[in-house]
Structures are given as structure tokens and as C-alpha cells.
Amino acid sequence: MKKTISVLSLLLVVAAFSSFTACASDSLRSAAPNSVVADADNAGLKLPAGFSALKVAEGLGRARHIAVTAQGDIYVKLMGRVAEGKAVLRLRDRNGDGKAEEISGMGNYGGTGIAIKNGYLYASSDEEVFRYKLNEKGEVISPMQPEKIITGLINRRQHESKSITLDNAGNIYVNIGAYSNSCQERDRQPGSLGRMPCPILDSAGGIWQFRADKLNQTYGDGIRYATGLRNVVGLDWNNQLNQLFVMQHGRDDLHNIFPSLFTEQQNADLPAETMYALKKGDNAGWPYTYYDPFQNKKMLAPEYGGDGKKEGGKEFIDPVVAFPAHMAPNALLFYTGDMFPAKYKNGAFIAFHGSWNRAPLPQEGYYVAFVPFDENGKPGKWEIFANGFAGVEVVTGTRGAQHRPTGLAQGPDGSLYVSDDSKGTIYRIIYKGK
């Protein structure tokens with residue numbers, strides 16, 4: 001009897017140890033910020049007091065959008081031509097120091113979009129959207145056999161990235177960017193007028209809604225949820241308001257196309273990069289209007305009779321926040337974590353990729369901005385949250401920028417992750433108090 005009890009006790013101890021080891025392993029993978037040491041130089045970033053940063057990984061390639069599992073693994077979508085097994089990377093921190101010691105990959109399609117929802121990993125190419133089932137450890141079960149849920153999306157090699165987000169009712173939202181600057185008869189050519197109505201809007205220049213669980217959907221299966229959006233790379237579902245929010249890339253070349261109507265200064269300053277809160281059926285006005293942040297008005301586009309003074313598009317929705325021109329907002333994330341101070345709860349982080357066309361002014365952007373939202377969901381004044389990615393002042397073009405923020409994700413502990421598609425760096429920003 002004593003021997004039986006002894007063996008049983010041993011088995012219980014072994015089982016308990018195995019359980020502890022498994023829990024400890026998962027704990028390390030989603031390590032709390034107090035066990036993570038920031039880089040001595042904060043990864044080169046300038047942050048508000050109490051915040052610090054480290055580089056999780058470097059040299060990954062053209063790292064676009066990112067997603068983090070409940071266990072702390074990071075999935076990274078790579079853009080452009082990718083080698084077999086390198087379309088989606090998984091980064092794992094094995095020892096809890098905040099650095100990725102294990103990097104693996106899957107897939108063979110370039111693209112931008114990636115998201116995790118209800119036990120699935122979603123990823124997009126520039127024409128299709130796939131999903132992978134995750135196990136209880138946040139690992140892809142069948143990396144070689146993704147389900148294709150959307151196919152046949154337009155890719156005309158301009159504004160081609162298919163960014164994605166999901167709501168809480170089983171829908172996925174896909175950006176289909178306009179393959180044009182302003183729907184001219186001759187794209188970006190001086191004096192060329194706009195096509196009326198713009199034929200691009202039937203299949204691009206907006207957000208399409210599909211089911212997240214239906215295979216092989218095409219345009220006919222989707223809903224044109226919102227239109228009049230030139231190109232949306234950053235979008236997110238706001239759980240506080242139960243509504244879709246997007247960041248639009250504003251148009252280019254006002255002076256270059258209509259030099260008699262707009263100055264070089266206006267070319268650099270206009271139009272605003274804009275955040276929209278969308279409802280089904282909304283129209284944001286592209287290409288017929290643009291938003292002037294100095295006049296706080298929707299202006300009639302010169303291709304359609306505007307001169308910088310004529311307002312237009314009263315039937316179109318207004319943006320909820322306006323930012324400086326040409327900074328290329330490439331990611332939007334509503335923060336729901338508990339690590340950061342209370343002012344950040346339900347607020348929006350935006351990753352600005354940085355401008356290339358603000359001459360004769362210095363280029364602008366290359367930082368992560370923050371917009372506070374109050375308890376009623378009303379946005380406040382935006383501010384720069386994380387700066388220093390560029391490493392230098394970028395005067396012309398963008399080649400001087402060392403890093404360019406592209407993707408945002410929230411970790412299970414409330415950390416903020418930022419990707420860079422210039423050097424392929426993944427940053428982690430944590431808060432330990434002032």
C-alpha cells in the first residue's frame with residue numbers, strides 16, 4: 001500500500017512539474033515588461049517619460065504589418081518578392097529577454113496585411129487573402145495548406161497593398177486602393193482633367209467587406225462598405241465605438257499638375273492625411289475633393305474645376321482627425337492594453353511611413369503618432385509618441401531614412417510593437433513608470 005502511494009505521489013509530482021514547465025515556457029514567451037531590459041539607447045527612439053524600447057529583431061526584410069498572439073509570438077508579413085517559406089515570419093522569444101531567438105516562416109506570397117482573430121491568422125497578398133488555423137499555443141497548424149478566403153482582387157501596381165482588419169461579427173475588411181492619383185484621363189500628367197464619374201470606384205478606391213469564414217470569395221461576394229478613399233494602408237476596428245476607422249493617404253501633385261493654381265508650398269502642405277470613422281455606405285470624396293487642414297474644409301479638386309478656393313462635396317463625410325500632408329500613414333491601432341498610462345486607453349496609434357514629396361520643405365513623418373479618445377469616443381489633439389526612426393533629417397526623397405514605421409501591434413502584456421520595412425526591424429515599446 002505504501003509503495004502504491006509512493007508511486008502515485010511520484011506521478012503527481014511529475015505531472016505537476018510538466019504542467020509548471022509548460023506554463024513557465026508560455027510565461028517566458030509573453031514575458032512581463034519588468035523581465036525585459038530595454039536597449040541602452042532605447043533602440044534609437046525618442047519616447048515620452050517612463051517609456052523605453054528595444055529591438056526584438058533586425059534584418060528581416062520588408063516587414064510590413066504585424067500581429068502578436070496571446071502567447072507573445074510575433075507574426076510578420078513581408079512585402080515584395082519573397083523566398084519560399086518567407087512570406088509570413090514567426091518570431092519567438094524563448095528566454096523572456098524580449099529578443100527573438102527563434103525565427104521561422106511559411107508561404108510564398110508578398111503583401112502587407114496580417115491579423116489574428118478567433119483562433120485564426122489572416123494574411124494577404126496583393127490579390128488574395130488567406131487564413132491559417134492556430135492551435136492553443138498560437139502556432140499555425142497547417143502552414144502549407146492555408147484556406148483562401150478572398151481571391152481576384154485588383155492589383156494595378158499602384159496602391160496595391162491589401163490591408164485588412166476584422167470586426168467582432170465575423171466580417172473582414174479589405175482596402176482596395178485606387179490605381180490612380182486623382183482619376184485623371186492621363187494619370188499625374190499636367191493639366192489632365194478628371195474622369196466624371198470616376199470609373200475606378202466600382203472596384204477600387206474603397207473598403208470592401210467580406211465574410212471571414214467563407215472560402216474563395218470574389219468581388220461579387222463582398223460588399224463595397226465605403227468608397228471615395230484613395231488608399232488606406234492603416235485600418236482598425238474600434239471596439240469602444242464598434243466602428244471601422246481608417247487612415248487615408250492623400251493625393252499628390254497639386255502644383256505639379258496645376259502650377260497656375262497651386263504653389264510649391266501648397267504642393268508640400270496639401271492635402272491633409274486623414275482619419276475617417278466609417279459606416280456602411282459612407283463616401284469620403286476621392287477623387288472629387290481633398291481636405292485642406294488650414295481652412296478646415298473639403299475642397300473641390302482641380303481636376304474637377306477646383307482652384308484651391310472652391311469648396312466641394314458637402315455630401316461627403318468629414319475626417320475625424322487631420323494630419324500634415326504626404327506623411328503616409330501605414331498602420332492604425334486602437335490601444336486596449338493596461339500597461340500604458342490611462343490617457344492611452346482606447347486611443348489611436350498611427351505609424352507614419354514618411355514622405356517623399358514635400359519639397360521644397362524637408363520631408364516629414366517617420367514616427368508613431370498618438371490620438372487620445374475620450375470616454376465618449378471623441379478624438380483629441382494628436383501628438384508624436386515615438387520618434388527617431390529615420391535617424392537623420394531627411395531633406396529630399398526618403399533614402400536617407402534609416403527606418404520607416406509600417407506596422408503596429410499590441411502584445412498580450414500591453415507592449416506596443418512597431419515594424420520597419422526599410423531595415424526589417426521590429427521594435428517593442430514598454431512602460432515601467434516615471
Side-chain angles (χ1 to χ4, degrees), residues 29-30 36 43 45 53-80 82 86-93 98-100 102-107 109-117 120-125 129-132 134 138-140 143 161-166 172 175 232-237 247 328-337 339 348-353 367-368 385-386 389 403-430:
R29 285 166 56 193
S30 58
V36 174
L45 303 184
L54 62 151
K55 292 180 180 178
V56 176
E58 298 182 78
L60 298 179
R62 298 184 67 186
R64 298 287 283 181
H65 287 177
I66 51 179
V68 183
T69 68
Q71 297 78 16
D73 286 347
I74 307 166
Y75 284 95
V76 183
K77 189 70 194 70
L78 296 188
M79 186 180 183
V82 294
K86 297 293 185 181
V88 179
L89 301 181
R90 188 194 70 188
L91 280 55
R92 175 168 287 180
D93 173 13
K99 306 287 185 177
E102 179 184 309
I103 301 176
S104 57
M106 61 185 182
Y109 51 93
T112 289
I114 196 163
I116 293 173
K117 191 76 173 181
Y120 282 91
L121 174 72
Y122 295 82
S124 68
S125 71
V129 181
F130 306 87
R131 75 172 187 173
Y132 302 80
L134 299 173
E139 301 165 334
V140 170
S161 66
K162 303 301 183 289
S163 301
I164 58 175
T165 194
L166 293 95
I172 184 169
N175 165 63
V232 169
V233 186
L235 69 170
D236 195 21
W237 188 261
M247 291 294 309
N330 270 16
L332 172 64
L333 173 72
F334 283 94
Y335 184 79
T336 59
M339 178 193 291
F349 287 103
I350 303 99
F352 284 102
H353 197 229
Y367 50 64
V368 175
F385 173 75
F389 292 94
H403 303 276
R404 304 185 71 187
T406 301
L408 297 169
Q410 182 182 302
D413 63 351
S415 296
L416 179 67
Y417 291 84
V418 185
S419 65
D420 143 55
D421 70 353
S422 181
K423 296 292 191 299
T425 302
I426 307 298
Y427 298 85
R428 180 180 180 182
I429 299 174
I430 58 178

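Position 1 is the first residue of the sequence; numbering continues from there.
The distance from the CD1 atom of Ile74 to the CZ atom of Arg428 is 7.5 Å, given to the nearest 0.5 Å. Separation of atoms OG (Ser163) and CG (Asp236) is listed at 11.5 Å; rounding is to 0.5 Å. Remark: Asn175 CG to Thr165 OG1 distance equals 12.0 Å, nearest 0.5 Å. Of the inter-residue distances, the one linking Met339 atom CE with Ile430 atom CD1 reads 6.5 Å to the nearest 0.5 angstrom. Atom CD1 in Ile426 sits 10.5 Å away from atom OH in Tyr417 (nearest 0.5 Å). For the atom pair CD1 of Ile172 and CH2 of Trp237, the computed distance is 13.0 Å after rounding to the nearest 0.5 Å.
When only modelled atom types and interatomic distance are considered, Gln410 and Ser415 share no side-chain donor-acceptor pair under 3.5 Å.
With sequence neighbours excluded, the residues forming a ring pair (Phe, Tyr, Trp, His ring centres under 6.0 Å) with Tyr427 are Phe389, His403, listed by chain and number. Taking Tyr132 as the reference, Tyr109 meet the side-chain hydrogen bond (donor to acceptor under 3.5 Å, both in side chains) condition, with sequence neighbours excluded. In this structure Ala115 satisfies the side-chain contact (heavy atoms from CB on, under 4.5 Å) test together with Ile164, Leu166, sequence neighbours excluded. The side-chain contact (heavy atoms from CB on, under 4.5 Å) search around Ala328 returns His249, Asn330, His353, not counting sequence neighbours. With sequence neighbours excluded, no residue forms a side-chain hydrogen bond (donor to acceptor under 3.5 Å, both in side chains) with Lys86.
Pairs passing the salt bridge (charged side-chain N to carboxylate O under 4.0 Å, His left out) check and including a residue from residues 53-68, sequence neighbours excluded, read Lys55-Glu58, Arg64-Asp421.
A distance-only check finds a donor-acceptor pair linking the side chain of Ser124 to the backbone of Lys162 [under 3.5 Å].
Looking at heavy atoms from C-beta onward, Asp73 lies out of side-chain contact with Leu91 at the 4.5 angstrom threshold. Between Leu408 and Val418 there is a side-chain heavy-atom pair separated by less than 4.5 Å. Contact check for Tyr75 versus Val68: no side-chain heavy atoms found under the 4.5 Å cut-off.
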Next item on the list: Would you check, one step at a time, whether the test side chain to side chain contact (heavy atoms under 4.5 Å, CB included) holds for Val368 with Ile350?
Entry: CA-CA 5 Å; Val368 175; Ile350 303 99; over 6 Å; no
Check: Please walk me through it: do Ile116 and Thr69 pass side chain to side chain contact (heavy atoms under 4.5 Å, CB included)?
Finding: CA-CA 7 Å; Ile116 293 173; Thr69 68; 3.7 Å; yes
Next item on the list: Step by step, work out the side chain to side chain contact (heavy atoms under 4.5 Å, CB included) result for Leu60 and Thr425.
Entry: CA-CA 7 Å; Leu60 298 179; Thr425 302; over 6 Å; no
Item checked: Full working for ring pair (Phe, Tyr, Trp, His ring centres under 6.0 Å) between Phe349 and Phe385 -> CA-CA 8 Å; Phe349 287 103; Phe385 173 75; 4.9 Å; yes
Notebook entry, point to check: Going through the distances and angles, do Glu139 and Leu134 end up as a side chain to side chain contact (heavy atoms under 4.5 Å, CB included)?
Noted result: CA-CA 5 Å; Glu139 301 165 334; Leu134 299 173; 5.9 Å; no
Checklist line | Stepwise salt bridge (charged side-chain N to carboxylate O under 4.0 Å, His left out) check, Asp420 with Arg404 | finding: CA-CA 5 Å; Asp420 143 55; Arg404 304 185 71 187; over 6 Å; no
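Val233 approaches His65 most closely through the heavy-atom pair O-CE1, 3.0 Å. In terms of heavy atoms, Ser419 sits closest to Gly407 at OG-N, 2.8 Å. Looking at every heavy atom in both residues, Tyr367 comes nearest to Ala386 through CB-O, 3.1 Å. Contact detail for Ala409 and Leu333: the closest heavy-atom pair is C-CD2, 3.9 Å. Across all non-hydrogen atoms, the minimal contact from Tyr335 to Gly414 is OH-O, 2.8 Å.
The side-chain contact (heavy atoms from CB on, under 4.5 Å) test with Lys77 singles out one residue from Val88, Val82, Thr406, Leu89, and that residue is Val88.
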